[in-house]
Amino acid sequence: MSGLPCVRRIGPFAVQVTAAWAATVSTVWAQWAIDLQPPKAEFAQRIYDLHVLILLVCLGIFVVVFGAMFYALWRYRKSLGHTARPFHEHTAVEVAWTLIPFLILVAMAWPATQAVLMQKDTADPELTIKVTGYQWKWEYDYLTLGVKFMSSLATPREQIEGRAPKDAHYLLEVDAPMVVPVGKKVRLLLTANDVIHAWWVPALGVKQDAIPGFVREAWFRATEPGVYRGQCAELCGTGHAFMPIVVEVRTQEGFEAWLRERQLAQARAAAEAQQRFTLKELMARGERVYAAHCSACHQANGRGLPGVFPALAGSKLVLGPAAAHIDIVLNGRPGTAMAAFRNQLSDVELAAVITYERNTWGNAAGVVQPAEVKARR
Amino acid sequence: MDAHTAHAAAEPHGPPAGLMRWLTTTNHKDIGTLYLWFAAAMFLLGGVAAMLIRAELYQPGLQITHPDAFNQLTSLHGLIMIFGVIMPAFTGLANWQVPLMIGAPDMAFPRMNNLSFWLLPPAAVLLIGSAFVPGGAVGTGWTLYPPLFIQGGIGYDMAIFAIHLMGLSSILGAINIATTIVNLRAPGMRLMDMPMFIWTWLVTAFLLIAAMPVLAGAVTMLLMDRHFGTHFFDAAGGGDPVMFQHIFWFFGHPEVYILILPAFGIVSTVIPTFARKPLFGYRSMVYATVSIALLSFLVWAHHMFTVGMPAAAQLFFMYATMLIAVPTGVKVFNWVATLWRGSISFETPMLFALAFVCLFTIGGFSGLVLAMAPVDVQLHDTYYVVAHFHYVLVTGALFAIYAAVYYWLPKWTGHMYDERLARWHFWLSVISVNVLFFPMHFLGLAGMPRRIPDYALQFAAYNQIASIGGFVFGAAQILLAIVVFKAIRGGAPAPARVWEGAQGLEWTLPSPPPYHSFTTPLRMTP
């Protein structure tokens with residue numbers, strides 16, 4: 001019994017060591033993974049099983065066919081003095097190797113068909129979220145619950161450009177994740193604002209294109225609480241690699257708590273639009289908005305990319321009357337990558353980012369208040 | 001043959017000298033050579049783009065390109081390799097070999113032949129030049145999907161015209177090849193006596209004639225949407241962006257077989273030669289080729305399993321796609337049966353052909369995995385797809401072109417190539433190409449999307465390995481250039497029948513063959 005206190009002391013330490021070891025192993029494991037991500041939703045599990053099955057069938061055929069081929073290459077070498085037997089037809093064999101693959105395929109088609117039907121069954125959802133793809137962020141609208149927000153990349157530019165060490169979830173982290181309850185059938189209604197995007201979270205087994213002007217459906221039922229990460233899967237321009245998706249699966253209570261918090265925050269933001277702000281306040285906020293929504297094209301230094309994306313530093317438009325500047329940010333420029341931000345950003349955010357653009361990189365063109373933005377909507 | 005050589009020597013109308021020979025030539029061998037050099041030059045450019053892509057992806061973070069430039073690199077790499085390398089290389093091989101293999105004096109339409117080649121350099125100038133105009137080159141990938149395509153600058157219009165020219169060139173070339181095969185065969189050579197390379201090219205020519213106009217239509221609709229106020233692909237005007245994908249892939253999937261059927265023909269020519277046995281199952285090979293071509297028009301939407309089609313469409317395209325595995329399997333089984341009880345030797349053309357059979361089949365298997373619509377949900381637009389089509393197009397189409405070049409180079413130049421250097425080229429290529437592309441399967445499975453200049457940390461290890469494989473593969477291709485230059489400059493003289501087991505009319509002519517191939521009709525006695 002005298003060993004017990006010792007065990008007690010070692011216990012927490014052992015847990016820590018094990019946890020650290022497990023973390024290292026999981027990172028290393030992730031780097032050398034040779035399989036689909038561990039499925040965390042019903043349909044994802046189905047895909048996983050189907051993939052294992054078809055892979056084994058392929059491996060089996062590969063071993064038989066190339067076993068025969070390499071045996072022939074080794075056994076019938078000219079250097080061994082083997083002379084050729086000039087046969088070139090055998091009807092029975094030819095019929096067999098046409099029919100057998102066909103039957104294998106029919107057998108494979110059966111589970112695949114069931115999976116397709118399961119994937120397309122979006123009936124009876126317990127929660128519906130409208131997902132809108134923008135260049136280059138996602139918007140989540142909890143249709144019946146009055147919650148709607150943007151979700152954009154949280155990785156700082158310094159990490160991307162190699163000026164700061166990259167953190168564990170580099171490029172797979174967002175400022176506001178989608179939050180859903182575990183075990184509930186979540187239906188997504190997907191569309192896009194500008195070009196085609198694709199909403200993809202491997203662990204949840206969902207990849208669905210978001211097509212401007214059309215609404216597509218998808219669904220998932222998460223089996224375990226956790227944070228699941230994915231990315232846009234359809235090339236959508238300059239920022240394609242930089243619009244990740246993060247889904248936080250919570251317990252029902254956790255989900256409801258998050259919902260209340262979100263609803264309160266949205267009410268606060270609505271009230272904010274009536275206020276007047278100082279230059280300093282707007283600049284601080286504008287810098288964040290600019291980094292999330294503008295810097296992919298116009299660049300952090302405001303110089304754009306010559307010939308592709310116009311510079312804002314020293315720009316006639318930015319230094320000119322505020323009304324024109326507000327209009328182009330609100331309405332975009334059709335036929336170019338310049339998006340309309342009227343539905344993407346609040347009046348305060350728009351005022352902040354416009355003020356930021358008008359007073360950075362040597363620009364000095366005064367403050368724009370939320371009320372001015374509101375007036376031009 | 002004596003009468004033939006005497007005739008050629010007595011003829012005063014040899015080719016003009018210098019540049020004019022190449023600009024005005026109507027000779028199938030000269031034009032074949034032009035096509036092959038054009039493909040080589042484009043391969044260098046597309047290869048440089050590939051090296052830059054792999055250099056950027058060597059580690060996470062942005063190091064050498066801006067994301068916009070990266071998108072242009074991947075798009076140009078794809079367009080150049082497909083329209084500038086594989087297709088012209090196959091057309092070049094057809095120009096050289098079709099008349100030689102069917103006993104014809106030249107192609108059916110020699111002047112059109114000249115035109116179809118000389119449409120290509122302006123197309124290349126437009127495509128490459130688009131990288132240097134404001135807004136840069138196409139950054140949408142080679143698939144050109146709107147609405148992203150609509151956002152682009154003038155470089156995008158240049159790409160449209162480049163595609164028009166290349167498509168026109170392909171259609172003219174295909175008409176020429178099909179007409180030659182149908183009409184200029186040596187008397188007595190029936191369709192079912194034709195070499196497999198001729199059969200596969202005949203089927204390919206019909207695929208080209210059917211598919212290329214569809215692409216021309218699709219890019220013209222893009223042009224209209226961009227400049228003339230139409231809304232074919234814009235929902236706001238009653239159009240549909242997905243309609244472009246249907247039209248594009250209705251061209252795009254037959255295109256896949258345009259890029260691989262001539263490769264099947266080459267491998268079906270090379271393997272019997274070095275197994276010293278006739279091709280096993282000639283008839284079933286022909287039927288398989290034709291059924292693959294027909295099926296290729298019914299499977300286009302398997303490139304679109306994630307656009308949100310109804311279940312019935314998902315199922316139809318899944319079944320049709322799986323069905324293609326049957327005739328493709330027949331081909332692989334026939335090649336293995338050709339090897340069975342042969343007398344096999346391993347010269348470089350054979351090495352590339354054997355690597356083709358093995359590695360193309362890996363691409364076929366990953367194709368079968370992708371054909372399963374539910375599995376494709378995870379794999380669509382990931383590096384798994386990149387791995388799949390590079391196995392099919394690099395270790396498939398490109399390796400077959402290498403096999404063909406080594407196989408017929410002594411015939412073309414009259415000199416044996418340096419076998420030792422060629423083997424170095426083979427072994428370096430075959431090892432590095434697997435280091436390059438095999439890990440991409442794992443990246444795709446683990447969740448790395450394609451067409452991204454920067455990636456999450458868990459993808460770092462395999463990307464680094466793939467990049468190293470890519471650099472070695474790129475460097476190894478310099479050896480091919482050395483082997484070809486050496487063979488052109490000199491070497492052991494090649495006999496008429498270069499390979500012991502070679503069958504076919506091209507081996508009845510001296511190496512190199514006379515300027516006009518067969519000037520007196522042959523009489524085939526089957």
Side-chain angles (χ1 to χ4, degrees), chain A residues 30-31 33-37 47 50-51 54 58 66 68-69 72-73 76-78 82-86 88 94 97-98 101-102 105 109 112-113 115-117 119-120 160-162 166 170-172 195-196 198 202 207-209 211-213 216 231 233-235 237-238 240-241 307-308 336-337, chain B residues 60-62 67-68 134-136 141 145 147-148 151 235-236 241-242 276-278 280-281 284 306-308 311 314-315 318-319 322 325-326 329-330 333 336 339-345 358 365 368-369 372-375 377-378 380-381 442 445-447 449 451-454 456-458 461:
Chain A
Q31 281 226 9
I34 58 167
D35 201 358
L36 289 166
Q37 291 185 17
I47 298 175
L50 196 56
H51 175 254
I54 182 90
C58 288
F66 291 96
M69 177 168 137
L73 292 181
Y76 305 120
R77 276 172 293 167
K78 185 178 181 243
H82 196 273
T83 47
R85 309 280 171 84
H88 54 86
E94 290 178 66
W97 70 37
T98 312
F102 182 76
L105 289 174
T113 304
V116 167
L117 296 177
Q119 183 203 356
K120 291 291 169 184
I160 296 170
E161 285 157 11
K166 298 174 175 40
Y170 175 72
L171 293 191
L172 296 179
V195 301
I196 302 175
K207 183 188 284 144
Q208 171 60 54
D209 289 3
I211 299 159
R216 297 289 203 250
Q231 284 177 269
E234 180 66 60
L235 177 58
T238 307
H240 170 53
V308 190
T336 70
Chain B
L62 294 175
D68 209 51
Y145 283 5
L148 185 61
Q151 292 181 346
V242 177
R276 295 169 178 76
K277 257 186 71 189
F280 186 90
S284 62
T306 64
V307 301
Q314 296 286 96
L315 291 175
M318 178 173 82
Y319 299 150
M322 289 166 77
V326 174
V330 166
F333 300 142
V336 174
L339 293 168
W340 199 256
R341 314 195 83 173
S343 173
I344 303 166
S345 59
C358 200
F365 281 133
L368 197 56
V369 174
M372 314 291 271
V375 180
V377 166
Q378 291 289 29
H380 178 77
D381 265 330
F442 304 142
L445 287 166
R451 294 167 166 168
I452 54 173
D454 193 7
L457 301 182
Q458 71 260 36

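Protein chains get the first letters and strands the later ones, always in sequence-line order, with residue 1 at the start of each.
Interface remark: B/Ala456 contributes backbone and side-chain atoms alike to the contact with chain A (heavy atom separation under 4.5 Å). For a residue to count as touching a neighbouring chain, one of its non-hydrogen atoms must lie under 4.5 Å from one of that chain's; by this rule A/Leu105 touches chain B with backbone and side chain alike. Heavy atoms closer than 4.5 Å to chain B are found in both the backbone and the side chain of A/Ile196. With a threshold of 4.5 angstrom between heavy atoms, B/Gln378 approaches chain A through its backbone and through its side chain. For A/Lys120, the part sitting under 4.5 Å from any heavy atom of chain B is the side chain, from C-beta outward, and nothing else. Only the side chain of A/Leu171 comes within less than 4.5 Å of a heavy atom in chain B; its backbone stays farther off. There is no contact between A/Ala198 and chain B, counting heavy-atom distances below 4.5 Å. Both the backbone and the side chain of A/Arg77 come within less than 4.5 Å of a heavy atom of chain B. Residue A/Phe66 touches chain B through its side chain alone, counting heavy-atom pairs closer than 4.5 Å. Only the side chain of A/Ile211 comes within less than 4.5 Å of a heavy atom in chain B; its backbone stays farther off. Within the 4.5 angstrom heavy-atom criterion, only side-chain atoms of B/Met318, from C-beta onward, approach chain A. Interface residue B/Tyr145: only side-chain heavy atoms are found under 4.5 Å from chain A. Both the backbone and the side chain of B/Phe365 come within less than 4.5 Å of a heavy atom of chain A. Both the backbone and the side chain of A/Thr113 come within less than 4.5 Å of a heavy atom of chain B.
Scanning for side chain to side chain contact (heavy atoms under 4.5 Å, CB included) contacts around B/Ala235 gives A/Phe214, with sequence neighbours left out. A search for side-chain hydrogen bond (donor to acceptor under 3.5 Å, both in side chains) contacts involving A/Gln231 returns nothing, not counting sequence neighbours.
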Worked verdict on A/Glu234 versus B/Thr306 for side-chain contact (heavy atoms from CB on, under 4.5 Å): CA-CA 10 Å; A/Glu234 180 66 60; B/Thr306 64; 5.6 Å; no
Report the C-alpha separation of B/Val330 and A/Glu94 in whole Å, then their side-chain angles, then the decisive distance to 0.1 Å, and conclude whether the side-chain contact (heavy atoms from CB on, under 4.5 Å) test is met. CA-CA 8 Å; B/Val330 166; A/Glu94 290 178 66; over 6 Å; no
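Counting only heavy atoms from C-beta outward, the side chains of B/Val242 and A/Arg216 approach each other to under 4.5 Å.
Smallest separation of non-hydrogen atoms from A/Ala241 and B/Pro453: CB-CD, 3.6 Å. Of all non-hydrogen atoms in A/Gln119 and B/Val377, the two that sit nearest each other are NE2-CG2, 3.5 Å.
Note: B/Trp340 and A/Tyr76 have perpendicular aromatic rings, judged against thresholds of 30 and 60 degrees for the angle between ring planes.
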